[in-house]
Each structure stands twice: as structure tokens, then as C-alpha cells.
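Letters go in sequence order (proteins before strands), and every chain restarts at 1. Values in this document were obtained by computation on a predicted structure and should not be read as measured data.
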Amino acid sequence: MSEIRIARLSVGASPHIRETEDVRTIMWTVVLTLVPVGLFSMYLFGWYAGVVIVASVASCVIFEAAWQLAARKAVTISDGSAIITGLLLAFVMPPNVPIYVIVVSAAVAMIVAKHFFGGLGCNIWNPALVGRAFAQVAYPSVVSLSAWPIVKGRGWERLLVDVRHSVGAASSTRVYDAVTQATPLAYDALQSLVPAKTGAVNAMYPNLKALFVGTVPGCIGETSSLLILIGGLFLIYRGYVNWRLPAVFLGTLFLFALLVPTAKIQGAHAQWWWFPLYQVFAGGAMLGAFYMATDMVTTPITSKGQVIFAFGCASITGTIRLLGHGFPEGVCYSILLMNTAVPVIDRYTRPRKYGAKRGE
Amino acid sequence: MLHKFKRGVHPPDEKSRTVRAAIRDAPIPDILVVPLSQHTGASAVPIVGKGVSVDKGMLIGEPGGFISAAVHSPVSGEVVAVEDRALPIGRPGACVIIRNDREERWAPEASIQTDPASLEAGSIRDRVRAAGVVGMGGAAFPTSVKLTPPDQHVRIDTLIVNAAECEPYLTGDYRLMLESPERIVRGAELVRRAAGAQRIVYAVEDDKEDAAKALAGAAGGAAGVGIVLLPVRYPQGAEKNLIESVTGREVPSGGLPMNIGVLVQNVATCAAVCDACAFGRPLIERIVTVTGPCTANPGNFRVRIGTLYSDLLKEVGLAAMPRRIVLGGPMMGVAQTGLDIPVTKATTGLVFLDEVPRDEWRSCIRCGKCVRACPVRIMPSELSVLVEAERIDEANALDLFDCIECGCCAYVCPTRRPIVHRIKYAKAQINARREGAAPPLERTPAK
């Protein structure tokens, strides 16, 4: 009988088959859902927004590769995670941010926040938000309101017109905060942004529709709740985002704004839902809820843990925005603070394993 | 009554290659290599030596302890050696090498016909033990031990006959259900009597309705017999999950199914129990699915224990060069080192794969896919990270020994982490430390 000869066999541990989806599939899908947000920002703010985005992505990728080469590690830039950090870092910056601020922030995000901890999977804090928090402290003058009106360009001029006429309020940082708190400071802030006499208090309120679509001033990628929602829903459909997390985040923020007494709603905007909805669509809440608080690495693993995490993020955001004094936007810091709490949340939200006694 | 099993995974089932292939007799080779340890527990002790003439079905190895199983000669012929040979588990072990004289001469004690209806619980257990019957779903736990409750407080009320066959590629149980449902049903009745159970539930995945009908036809509406169709989902047939799906009960962590009054037996095991009790036949052959993308004529074969893989491969032929040969299904099976390894009582199938997962893995990105897929609801990611850092005691203090090694976690992991491998390694470390202290635990693979 003839003997069948076979080549040397590969011996490895089970399972011997794998799902096709890998880390690249996940990361590049997230990148894809962020593309419309980036394109819209260029339409809205002009070509410079595109320059900021490209600079941010390039910086993040280069810093990651440089670090890995210097540390003699495998270069992993093709997994797409550095690109996501680059996109998100640009998206939370004002449209007139100087490029050097982006580059330095990207270095902090990639090297300090990500690779000092061991790279993808090992970092405690969301790298893009660490970069943003750094910029907030290091370059307060260029990432806050005072610098914004400097920006020139078609998009910006049209926006000023929008603000003047429909009073789509500014979002994010101080502009947005000014409106929501309706304090004299805010009034002054808006006055400085819109030199025309905006006059009536009523006109101080933004147009919710413009706010939702995104034709308002704000950070590069934060203005369009609509596009963020579409991208986020796609990620939910693909199973990369647990719907409970953004739902609890935004729902809690809505309730917070509904119940906190600082919000005095007047005139045409007296409907009970107006102010809470404004809180949800303005500033970084949507981007934070769908893209920052859902970062797999820095959020809890279980569904229960993610719900607690989202509740915590929204509560801190609401506290900073509505109860705090002076700081305009709370999304960035609330997520960073809750990132810190993730190990504790994970410990107390372990699933009840099969065969364990109830309550064990 | 049915409790939906929502976790687990849904790998491509790959069964179409052999699902319509009727069971054929594999050629019986001239030389058979019969391992003395084909089962969970102590190795059998050889009672034959070189030069001894043996009959088909003759006892050649006695059980080496309570948790052990008898081994019989699969052919008539002559013992040419008792020596160490390559085994499926990766290291060599004692085997009885028999030259087949092709006379197919049955040993007299292996051909006693009995009316199974006349047998009582005790004699069923004795016959099952004498016949060397073990769990044929892959774990090869001695069946007589499962039928012998450790004390009177244990009351079995439900026998679940595991007909899920949830591993991809494997179709042996399915063909057996279609072709010999009456043996399965008679065997299940005997197991029910031996265990003192009230009801029998046949658990079949819902893509095998014809098999379920065949079983229902054979059972003929006997009292206390039910058939449930379960959704196709891996690892539906894992013992713990099957019990939860069928009864809603959970096996306590660290406990056994009998602690909650349940006994699970695979369909092929039931058929072997029938053969042992009704015909006195010891377990000397089994159904093996030989399949995979590299096989030219895949099929389901009735194979004598001790037949080498190389003998089986001659029957199916190669269509492409295999990169990996897996014993069992691709989710839980063991990669084999060569073709000079014998079929044992635990060989559910041989899968010839042309592709193997890449050996590159990265840090856990905490995506939680493994946690959502885990059928026993532990956190595989966490265990793998702890074991990687050699923090094995911490892993043990968590859920290490609750893991059923089904492979769902590693199957879905987007960074391709060898999670099951890590967990098995940690278990081996802990077991090595306890060496000799505890009896071997039964761990049923999902099939």
C-alpha cells in the first residue's frame, strides 16, 4: 500500500479557527464613521479645519511610530488606533487652533497617555482627551473663546451671521457655556463674539435645529450631533458600542439639566424639554457619549459597568457645566475622571458566573 | 421549559461535507495500536503480553482504579508488543500492539445476547463497566462511574441525552441518530434505569430535525421521554450549558451535574451502553468523522479502536496538504503531531485543516467580546492577563476552574489572544501543585 506523506504539521492550542474580525476591522470602522464629521467641519469652518485634522492624525501616527521604533517594539500604526486618537484630538480643538498646539498635544496624547502605559490596551486614560486636557492648561488662550473671532473665512463669517440672526448659540468651551448659564459673563462673552446688538434675552438662546445639524460655532468635530449620531448608531449596529452607554450618558445629562434649578427658561423656549435637549446637543456631549466614553480600552468591560460609567460621566459633566463656576465644558474632564474609576467599576460589576450562588 | 442560551458563538458549521455521508466501515488494518489510557482517570493495566493470541472483544487491559476503564482487543490476532507509542494527547503512552489475523473471531464472553428488559440497575452498571464504555463525546469519562452515585443523597431525576453535536465539521452523532436511533433509545432507557432517573430528554440542535424525528420514532412515545430542539449555537452541547438550556438549573461552581439531579450522556455513549447490555459487546469501535478542506472524500466511518490515522487517511485521500490535523472539532480539538497515532474511544473526528490561526497576538484591548461570548459568564480577558503575568494564584482565586475551555473567547478575540491556552496552562500549574491530592475532575468537551 502506498504511504501518504504529509508536510510538517503545525501544532497549536485550540480553538483552531478564528472569527475574521480583528482589531484592525474595529479601528478602521471607527475611522470610517468619523470621516463625515471631519468633512462637515471643513465645509463649516473652511480648509484650515482640514489642516488641523491632517496635522493631528499625522502627528499621532508619527509619534506612535517614533516611540515604537525608539523602544524597539513592533510598529503598530496600521491598526488604525493612532488615527482614531488623531481624529478625536482634532475634533475637540477649536477650528483656529495653531498647529504647534496640535503637535504638542498629540505628543502628550500618544507618548505620555498611551505608550508610557504600554500602548494600545494598557492605557488608563483616553489619549485624545489627555491631549485636550493638556492643551486646556498649557494653552488656555488659544483653546478658549477669546481667540475664536480671529478666525476668518467664509464658513466663519456665515456662522457669525447665523449667530446674529437665528442666534444659534455657540457650543463647547466658553461660548456655549456662556449661553447655557445665562450669566452676565456669558452675556458679555456672546457680545464679544457677536459685535452686533443681540439684545433680547430670548435671542440668546440657540436654535435647536441648527445645534442638532451642526451649523453652529464650536470645536471642529463637536458641532454636528446629527453626523455623530449616525456614526454612533452604525457602531452600535456593528456591536462595537453598547447602546446603553451613550443612552445613559445623554439621558442622565438630559435629566440633570431638567432637574437642576440654575436653568431658567424663558419666553419662546419655555418648553420643559428645550434646555435639557440643548445640553445634550451642545458642546462635546454627543462626541463624548458616542466616541470618547465608548473607547474600549479605557471603559468598563461589562454592560452593567458601562452603565455606571456613563452615569458617572454625565453626572460630572452636569456638575461642571451647571453647578460649577467658571469652567465651561465638563465632558472631557468627566470622562477622564471616570476612566480612573474603571478598575473599581470592573471589580464590582463582574458577571454572575455560571453555577455561582445568587448574590455571590 | 426551554431556557434560551444566548452566549457562545456561531462559527461556520462546515458540516455539509459529511452530513449526507452514510456511515461506512473503515478498512481494518493489519496492525492495531490500542492505547491502555484512552479515558479520563487511571490507565488500564495490561493483562496480555507479547505472543498471546487474542479474540475480538477479549479483555486486554483491566481498569486501573475506580475511575478507569477496561480495554478490549478490537480484532482477533496476536499481541506483538506492549510498548509506548505516540498518543493523541501529545506524549507517548503504553499501547497493546495487535497483529490482525482477519478471522474476526469473537471472544465467547463478548457475544452473549441478553434481553435488556431483564437487567437491573446493578447489572447494567456492571456490564457497562465490563465493556469499557466511556463518554464518547470526546471527554472519555468512564460511564459506569457516572452511573454510580457516590452516596444515597444524590437523586438523579433527569437524563439528558446530548445530541447537540455543536462543534463545526463533526457529523458522526448526527449520522448515528439517523441510522441507528433504536440503539440510542434502548441505551438511554438502560441508562435511565441504572441511574434511577424519571425522565429522558433528548437534546438536539434545531438544524437536525430529521435526527430528532428518528429518535422520536424509535422512542415510540415511551413514558417520561421528551425531545427538545435547541437553537444552533456553539457550545450548545457543552454539558453545563445543555443542562441550563434544558432544565434551567445550573451546576454549582465546582460541583457535578448529579448535584442538581441531572445526568448527561452523549448519543454514541447510549448506543455503546445498548451494545454492552443487549449483546455483551465491549467498546471496540466508534464513529469517526474524517473531514476538512484537505480531504478528498470526507466521510463518517465506523472505525476499530487502534486504527492509525494514516490508515484512515488512505480511505479519504488528500485534496491538499494539511497544515494542521485536529482531533475532535476545531473549537476544542487537539492538534495532532503526526499520522502514526491511533483512533481511541474519544476520537469524535479528525479534521484536516489547510489554514491555521496566526501566532501573533497583542495586548487585550478590553473590548469585552470574550466576556459576552463566555457561556459560563466568567471574564476570560482578565484571566489571560493574570496568567500572562504569572499571577496564577489570583487567577485561581477568580474563575479559573469554572472555565470549560470551549474556546469561544479566543475565537472572537480581535487581538488574537491565546486565552484558552493561557487558562489551560494555569490549570496545569495548579493541578501539578495539588498532584495526587484530588481525583481527576470530569471535563466534558462541547460536541
Side-chain angles (χ1 to χ4, degrees), chain A residues 1-27 73-74 76 79 81 117-123 239-242 294-303 305-306 342-343 346-347 349-358 360, chain B residues 9 11-12 90 168 240-241 244 250-255 310 313-314 317-318 321-326 330-339 351 353 356-357 359 362-368 371 375-379 381-382 399 402 405 407 410-416 418 420-421 424:
Chain A
M1 230 183 281
S2 66
E3 283 301 313
I4 296 177
R5 290 184 187 279
I6 54 166
R8 192 179 161 80
L9 292 172
S10 144
V11 178
S14 65
H16 308 284
I17 50 175
R18 296 294 164 95
E19 209 172 70
T20 49
E21 180 177 284
D22 68 1
V23 66
R24 280 180 198 164
T25 328
I26 298 175
M27 298 296 174
K73 290 179 167 183
T76 58
D79 68 22
S81 67
F117 288 88
L120 182 66
C122 304
N123 48 301
Y240 303 156
V241 167
N242 175 359
T294 58
D295 169 37
M296 292 166 174
V297 176
T298 57
T299 53
I301 283 183
T302 64
S303 197
Q306 289 171 357
V342 165
D346 271 345
R347 177 177 300 177
T349 54
R350 306 175 61 80
R352 189 189 67 84
K353 72 181 176 190
Y354 179 105
K357 290 189 189 77
R358 306 272 161 186
E360 202 174 274
Chain B
V9 294
K240 285 179 172 183
N241 294 100
E244 192 182 22
E250 289 179 19
V251 181
S253 179
S310 50
L313 189 55
K314 282 173 201 156
L318 280 181
M321 195 50 75
R323 298 271 318 277
R324 181 171 288 182
I325 301 174
V326 176
M331 292 298 289
M332 285 191 78
V334 182
Q336 301 293 287
T337 51
L339 292 174
V351 186
L353 296 173
V356 294
D359 210 11
R362 296 182 57 183
S363 301
C364 171
I365 58 165
R366 301 169 40 82
C367 66
V371 177
V376 291
R377 302 189 293 266
I378 61 175
M379 293 177 76
S381 49
E382 188 184 33
D399 317 317
D402 290 285
E405 300 172 12
Y411 175 76
V412 299
C413 180
T415 53
R416 305 290 187 246
V420 187
H421 184 58
K424 283 181 179 171

Original post:
With only heavy atoms counted, which part of B:L318 is less than 4.5 Å from chain A, the side chain, the backbone, both or neither?
Top reply: side chain
**OP:** Under 4.5 Å heavy-atom distance to chain A, tell me which part of B:P12 shows up: side chain, backbone, both or neither.
**Re:** neither
Original post:
What do the steps show when you test B:V376 against A:K353 for side chain to side chain contact (heavy atoms under 4.5 Å, CB included), and what is the final call?
Top reply: CA-CA 6 Å; B:V376 291; A:K353 72 181 176 190; over 6 Å; no
Original post:
Among B:A410, B:C413, B:G368, B:G407, which has the most heavy-atom pairs under 4.5 Å with chain A?
Top reply: B:A410
Original post:
Can you name the salt bridge (Lys or Arg N to Asp or Glu O under 4.0 Å) partners of B:R366, sequence neighbours left out?
Top reply: A:D346
Original post:
Given a strict heavy-atom distance threshold of 4.5 Å, which part of A:S81 is in contact with chain B: side chain, backbone, both, or neither?
Top reply: neither
Original post:
Could you state the interatomic distance from CG (B:L339) to CD1 (A:I6), rounded to the nearest 0.5 Å?
Top reply: 3.5 Å
Original post:
Given a strict heavy-atom distance threshold of 4.5 Å, which part of B:V371 is in contact with chain A: side chain, backbone, both, or neither?
Top reply: side chain
Original post:
Who wins among B:D399, B:I378, B:V356, B:V420 for the most heavy-atom pairs under 4.5 Å with chain A?
Top reply: B:D399
Original post:
Is there side-chain contact between A:H16 and B:V351, with at least one heavy-atom pair below 4.5 Å?
Top reply: no
Original post:
Hey, what do you get for SG (B:C364) to CG (A:L120), rounding to the nearest 0.5 Å?
Top reply: 9.5 Å
Original post:
Nearest heavy-atom pair of A:Y354 and B:V251: which atoms, and what distance?
Top reply: OH-N, 3.3 Å
Original post:
What's the spacing between B:T337 OG1 and A:R8 CZ if we round to 0.5 Å?
Top reply: 10.0 Å
Subject >> Region of B:M321 that comes under 4.5 Å of a non-hydrogen atom in chain A >> reply: side chain
Subject >> Partner set under salt bridge (Lys or Arg N to Asp or Glu O under 4.0 Å) for B:R323, not counting sequence neighbours >> reply: none
Original post:
Would you say A:T25 and B:P414 make side-chain contact, with heavy atoms under 4.5 Å?
Top reply: no
Original post:
Taking atom OG of B:S381 and atom CD1 of A:I301, what is their separation to the nearest 0.5 Å?
Top reply: 4.0 Å
Original post:
Rounded to the nearest 0.5 Å, how far apart are OG1 of A:T302 and CZ of B:R377?
Top reply: 13.5 Å
Original post:
Which heavy-atom pair separates A:S10 from B:A335 by the least distance, and what is that distance?
Top reply: O-CB, 4.3 Å
**OP:** Find the one option among B:K424, B:H421, B:E382, B:R416 whose heavy-atom pairs under 4.5 Å with chain A are most numerous.
**Re:** B:R416
Original post:
Between B:C367 and A:M296, which heavy-atom pair has the shortest distance, and what is it?
Top reply: CB-SD, 3.4 Å
Original post:
Highest number of heavy-atom pairs under 4.5 Å with chain A: which of B:P252, B:P330, B:P322?
Top reply: B:P330
Original post:
How far apart are the closest heavy atoms of A:R18 and B:P357, and which atoms are they?
Top reply: CG-CB, 3.8 Å
Original post:
What are the two closest heavy atoms between A:V11 and B:R324, and how far apart are they?
Top reply: C-NH2, 3.6 Å
Original post:
Using non-hydrogen atoms only, which part of B:I325 is less than 4.5 Å away from chain A: side chain, backbone, both, or neither?
Top reply: both
Original post:
Side chain, backbone, both or neither: which part of A:V241 has a non-hydrogen atom closer than 4.5 Å to chain B?
Top reply: neither
Subject >> A:S14 side, atom OG; B:M332 side, atom CE - distance, nearest 0.5 Å >> reply: 6.5 Å
